[in-house]
Structure formats: structure tokens, C-alpha cells
Amino acid sequence: MKNYKNKEISSLKSGDIAAYESLFRQYYAALVLFAVKYVSDIDIAREIVQDFFVRLYEKRLTISIDVSIKSYLYRSVYNSCINYLNQRNIHEKHVNNMRIENELDEDAEKEIMTLDLQHKIYAIIEELPVKCRQIFKMNRFEGLKNEEIAQMLNLSKRTVETQISKALKILRKRLAGFEI
Amino acid sequence: MDVLKMPYKAIIKMLENKAKNIEYQTYMNQINNESNRTDEQARIRKIWNESENARKFEQINLAGDWKTVRSRMRVTMSAGSEQIAFPMVLSRIAAVLIIAVGLGYGFYKVLTSQKFQTVKIYTYRADRNVEEVYMPDGSVINLNVGSSLVYRDDFNRSSRDVILEGEGLFDVVPGHTLPFRVYTGESVVEVTGTTFSIYEKDGVVKVSVIDGTVTLSPVDNSNSQIQISKNQSGYMLANKELKIRDGIDVNNLSWKTRLLIFDETPLDSALVDIAHYFRKNLSIEAEVTEKVTAEFENQPLSEILDELEQVAGLVFDTTGGSLSVRR
């Protein structure tokens, strides 16, 4: 018996909405950003991935998944992007060289690994203490200097530095064991 | 050195190229004294750099987009209330599958609708494995082991009629001017574009629809018909009475997915699914009240029964084409 093997696939096939939402929340954002790489438009990428998740749920009983759910999701979204490009008669050179694949190429695999790491980092940042998160985002996302952040938040520069180093320490700790 | 005790302020200065010479020298001396420090430094640099790129996840509205997807999903609720008198071995088959046993009236209907002598007949048979048949119109049909499909060489020109013997999953391309008809036993299933399955045994036909809508009718009486929509199952009973119910069983297509899933499933129902999957005639000769929660993926019958023997203390006999269950 394999009660717990491929739990995500079992949950998908069971039709459990809560489990499906969890699957969506785990992979959706990274899949959209993965699709952007091919269709170059985030709104189109969102539509492609949303369509895919609707179809996946509808066809959950008939699909046969012989790889990890993660590989299956990325490969399917990749193929959906190629279908989209073909339907739009987009014939740029790079599109002509893209085919529907059962396996993703090395570049795509690297992109997925990078997105995985970025997604994990983002999730950890979102769980940082409020002030720490705010300061870290101002530094990393908005590109503000520590002096600027200190002035904007009426804090000392040292406090800002402390909060940023605290965030980095938490990231390093939480990413222990994560393939980088 | 403990990762948590590393001098992160100094590290950040290094990462931002803001370290003074003396700070840089002090730090480099530390690195040289730690065998794994260089790797650790590279790891932290990667995290630092990617934390800047993680910004792009800010533009994704996860909650809002889930609401959009959720609103478009049609959730199947288990029907559970209406029991249809179906042969035991078939009673839990649902959704998207068509099975036909016997090449009866449909065979005659399909093969003689034009000049018989000028028509070539194609036959596909799944002898050992599930077979995928690509039709001339782009439709795809999966045949379960022991099933066969027959059609004429003018398929897609004058008609889209096929005869199914056994069990099949149909993914019919939409947008075609010709309806797609499946003749099975004494029934005919007609669609324009959809995904569905049919199962027929002992005169009872079950059609399960995954996507789209199909019509089920007796082959000799098209005035009597039912429309079966997505996530519904339709039946034609042995007396040609038509029934419809909501829901698709999770193991309906286990023959294709090679996965049997049971979640607090009554053991007798689970045995029905198992018998169907392994194409055995089920005979339960003992009272079975247990429930089973398990997942069997591509496992042989003997292995599954060994597990159930241990759980329920039952004795199984798989001699011939039967699966007998005793205490």
C-alpha cells in the first residue's frame, strides 16, 4: 500500500477543493512567472495558467501523471504556452524552435530551479516580522539605501542594518537544506 | 562556524561592496580559517541576489487569481443517493468511459450505411496493454485491455461512426460538422466534441461525461434519449430504460491511470473497483463491513489482495476469471 506516496496526485484526483487550493497556492505564482518567459506578457501568462488549473481539475480523473506533480505542472504550462504561441501565429525564430515536449530542456529546468528559490525566498520574506519585512523589502525590492530607509521610517541607520542582517540570517536558516 | 553566528552585517557590506579594506581583510582571514566558509559565502550571496529578484512575486495576486479559477471550476458532488441496479462488477463505474460488449445492431448500422463492398474496415484491438487510437478527425480513443474499436475508411468524410467492444475513453475534437457516434451493444452515444467514457456489460450501458454533453439512446429508438452533461453518468438498463445521476467515481478510469484510490471506502465497493480494474468477475461470499483507505499504484492483484487479507482477514481466490471473497 502506498497511502502517502504521491500525496499531491492523490489529493488532486480525489477532487478535494481545499487540497486543490493548496496545490494552486504552492505553484501558481511560479508557474505564471515561468510562462512569462515564453509569452512575454504577465496577463497572458496568468490566463494561460488559470485556464490550465481549471482544465486540470476537470480532467483530474483521466490524466495519468507518471512524474512528480511539479514536473507535470511545469511541463503542462510550457506546452500550453507553445500552443498559445502557435495559435497566435507567432513565428519568431525562437518560437519556431520550440516544440511540445514531454521533457523540459536544461534551460527550462534551470529557470524552474531559480524560480523555486525566488519563490521560497519570497514566502520567507512574507513571514518576517512586520518591521523587519518592511525594511528588507525597501532595501531589496525598492532599492533604497539604508540611510534613506532610516530617514523614511525615522529609525537609526544601525537599526536598519540590524533588521536587514536579521532578515538575511532568517533566510539563510530557513533555506538550510534547500538546493541552491 | 555556526551559520547563525556568522557576522551578517559584515557579510552584507561585502555583498554590497561597501566593506572597508580592514573589514574585508578581517573577513577574508575568517574565510580562510573555515574549510566550508567559501561555500557558505557563495550560498549567502545567492540568497542575497535572488532576494532582489523575488520582487517579481509581488505582482501576483494569489488570492484574487484563486477566486477567478475557483469560480470557473465545476465541483462534482458525490451523488450517493440514487442506486441504479447495475451488475455488481460495474456498479461503481462512472464518468467518462464507454464499454460495449458484442457487435450487435450497431455493427450492422455502421458497416452497412453505404455500399458495403467498397468500404474498408479498420479494427484496433487492445490485447495486452491499454492502446491509444488516433482517429482521422483528431479525436483520441483509449481502449482498455480486451477492448476493440471498429470504423470504416470513410470516417471523417461521410460520418464519424465507430463501434466499441469493451471499454474506452473518448476525447472527441469539437467543431466538426459531423456528429461522433459510438455504437455499443444496443445503444448509441452521440456527441459533437467532448470527453466521455462508456461501459457496457450484460445489456447495461454506462456513459460518464468528463467534459461537454453527450446523448445516450437505444440504437433502435432515437426518440427515447437522455442528455448527459459534464460530471454526470447516464445509464441504459437492460430493459432500455434510461437513467441519469450526478457524479463520477474516482476510480472510474483506474484502468487508464493505473491508480486505485480508496478513502474510507466500504470494502465491498473497493472490491468492485479492484475486480473491474483486473477484469475479474467478483463473487463476495461473506459479510464484508470493513472500510479501506489506501492507494494502489500500478500494483499487481496478488499484492493488493495480500494487503487486504491482512487488514480484513479475508481469503481471496483468483482462479480463472473470478475474484472470490470468503472469510
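So you know, we letter chains A, B, ... as the sequences are listed, proteins then strands, and number each from 1.
Summarising the geometry, atom CD belonging to Glu297(B) is positioned 10.0 Å from atom CD1 belonging to Ile65(A); distances are rounded to the nearest 0.5 Å. The distance from atom OG1 of Thr257(B) to atom CZ of Arg60(A), rounded to the nearest 0.5 Å, is 12.5 Å. The structure places CZ of Phe53(A) at 13.5 Å from OG1 of Thr68(B), a figure rounded to the nearest 0.5 Å. In this structure, the separation between CD1 on Ile44(B) and NZ on Lys169(A) is 11.0 Å, given to the nearest 0.5 Å.
The contact between Ile261(B) and chain A is made entirely by side chain atoms (from C-beta outward), counting heavy-atom distances below 4.5 Å. Neither the backbone nor the side chain of Lys166(A) comes within contact range of chain B; no heavy atom of the residue lies under 4.5 Å from a heavy atom of that chain. Contact of Ala176(A) with chain B is made through the backbone alone, with heavy-atom distances under 4.5 Å. Both the backbone and the side chain of Asp65(B) come within less than 4.5 Å of a heavy atom in chain A.
Side-chain contact between Leu33(A) and Gln59(B) is present, with heavy atoms from C-beta onward closer than 4.5 Å. Within the 4.5 Å cutoff, the side chain of Ile47(B) has heavy atoms near those of the Leu168(A) side chain. Using a 4.5 Å cut-off on side-chain heavy atoms (C-beta onward), Leu115(A) and Phe57(B) make contact. Annotation: side chain of Ser51(B) is in contact with side chain of Phe136(A) (closest heavy-atom distance under 4.5 Å). Side-chain contact between Trp66(B) and Glu21(A) is present, with heavy atoms from C-beta onward closer than 4.5 Å. By the 4.5 Å heavy-atom criterion applied to side chains, Arg140(A) and Arg55(B) are not counted as neighbours.
Heavy atoms only, all atoms of each residue included: Asn139(A) and Trp48(B) are closest at OD1-CH2, 3.8 Å. Closest heavy-atom contact between Leu259(B) and Ile9(A): CD2-CG2, 4.5 Å. Residues Thr195(B) and Lys59(A) share a closest heavy-atom pair of OG1-NZ, 3.5 Å. Nearest heavy-atom pair, Glu50(B) versus Ile121(A), reported as atom, atom and distance to 0.1 Å: CB-CD1, 3.7 Å. Summarising the geometry of Ala29(A) relative to Ile60(B), their closest heavy-atom pair is CB-CG2, 3.9 Å, with the distance given to 0.1 Å.
Heavy atoms from other residues, nucleotides or ligands lying under 6.0 Å from CD of Glu142(A) number more than 12.
Of the residues considered (Ile125(A), Thr114(A), Ile42(A), Val49(A)), Ile42(A) shows the highest number of contacts with chain B, using heavy-atom pairs under 4.5 Å. Per-residue counts of heavy-atom pairs under 4.5 Å with chain B were compared for Ile63(A), Val36(A), Asp51(A), Val32(A); the largest is that of Asp51(A).
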- After noting the C-alpha distance and the side-chain angles of Lys46(B) and Leu117(A), does the key distance pass the side chain to side chain contact (heavy atoms under 4.5 Å, CB included) rule? CA-CA 10 Å; Lys46(B) 178 88 171 172; Leu117(A) 175 60; 3.9 Å; yes
- Task: Start with the C-alpha distance between Glu126(A) and Glu58(B), add both sets of side-chain angles, then the distance that settles side chain to side chain contact (heavy atoms under 4.5 Å, CB included), and finish with yes or no.
- Result: CA-CA 10 Å; Glu126(A) 286 297 292; Glu58(B) 291 267 272; 3.8 Å; yes
- Message: Test side chain to side chain contact (heavy atoms under 4.5 Å, CB included) on Leu62(B) and Arg25(A); report intermediate values, then the result.
- Response: CA-CA 7 Å; Leu62(B) 200 55; Arg25(A) 288 182 176 277; 3.9 Å; yes
- Item | Criterion side chain to side chain contact (heavy atoms under 4.5 Å, CB included) on Ile164(A) and Ile12(B), from CA distance to verdict | CA-CA 9 Å; Ile164(A) 292 173; Ile12(B) 290 172; 3.6 Å; yes
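Not a single salt bridge (charged side-chain N to carboxylate O under 4.0 Å, His left out) links Lys56(B) to another residue, sequence neighbours left out. Listed by chain and residue number, nothing satisfies the salt bridge (charged side-chain N to carboxylate O under 4.0 Å, His left out) test with Asp306(B) (two or more places apart in sequence, or in another chain).
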